[in-house]
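Below is one structure; the comments refer to it alone.
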Amino acid sequence: MRIRTDGDYAYRRDAIERAADFYDCNKTKAVVSACDDVPKFVQAIRQVLERDDLTLEQRREIAETLSTRAVTFTVETEITVTTD
C-alpha cells in the first residue's frame, strides 16, 4: 500500500511522522498501530460519554476535548414528558 504525501497530501507525511515518534517505531508500524488503536479509543470514549455519573456539561466538555479533525463527538439529550 502506498500513501500519497505529495502536493495537497503533504500533511499526511507530518501526521505519519508524529505517529512514528509517538509509538517510537518506523512509519509503517506507526500507521498500523494507529489504525488498530483508533477504533478502540473511539469505543472507550463512547463508553465514558454514556456514564450516568457525569453531568451533561461534563460529557460535553469531554466530547469537545477528545474531538479531533477526523472524529467529532457530540452529546445529545432526550427529554420526555408524559401527562395523564
Review point. Do V75 and V71 sit in the same hydrophobic cluster, where Ile, Leu, Val, Met, Phe, Trp and Tyr count as joined when their side-chain heavy atoms come under 4.5 Å apart?
Key: yes
Atom pairs and distances, donor-acceptor, side-chain atoms in residues 44-54, under 3.5 Å, two or more places apart:
unit_1 : atom_1 : unit_2 : atom_2 : d
R51    : NE     : D53    : OD1    : 2.9
R51    : NH2    : D53    : OD1    : 3.2
R51    : NH2    : D53    : OD2    : 2.6

Review point. Given side chains that start at C-beta, do those of E17 and D14 come closer than 4.5 Å, heavy atoms only?
Key: yes
Revision key, fill the gap. Closest heavy-atom pair, F73 versus L66, reported as atoms and distance to 0.1 Å, is CE1-O, 3.7 Å
Point to revise | T5 side chain to A10 backbone, donor-acceptor under 3.5 Å | key: no
**Study point:** Separation between OG1 of T77 and CG of L56, rounded to the nearest 0.5 Å
**Key:** 5.5 Å
Review point. Shortest non-hydrogen contact from D6 to R4?
Key: OD1-NE, 3.3 Å
Review point. Would you find more than 12 non-hydrogen atoms of other residues, nucleotides or ligands less than 6.0 Å from R12 atom CZ?
Key: yes
Counting only pairs under 3.5 Å, give me each side-chain donor-acceptor contact of residues 23-32, with atom names and distances, residues two or more places apart or in other chains.
unit_1 : atom_1 : unit_2 : atom_2 : d
Y23    : OH     : D37    : OD2    : 2.4
N26    : OD1    : T28    : N      : 3.1
N26    : OD1    : K29    : N      : 2.7

Review point. Any salt bridge (charged side-chain N to carboxylate O under 4.0 Å, His left out) pairs touching residues 64-79, not counting sequence neighbours?
Key: none
Exercise for review: With side-chain contact (heavy atoms from CB on, under 4.5 Å) as the test, would you mind laying out the steps for R59 and I62 before giving the verdict?
Suggested key: CA-CA 5 Å; R59 289 180 190 158; I62 291 168; 5.8 Å; no
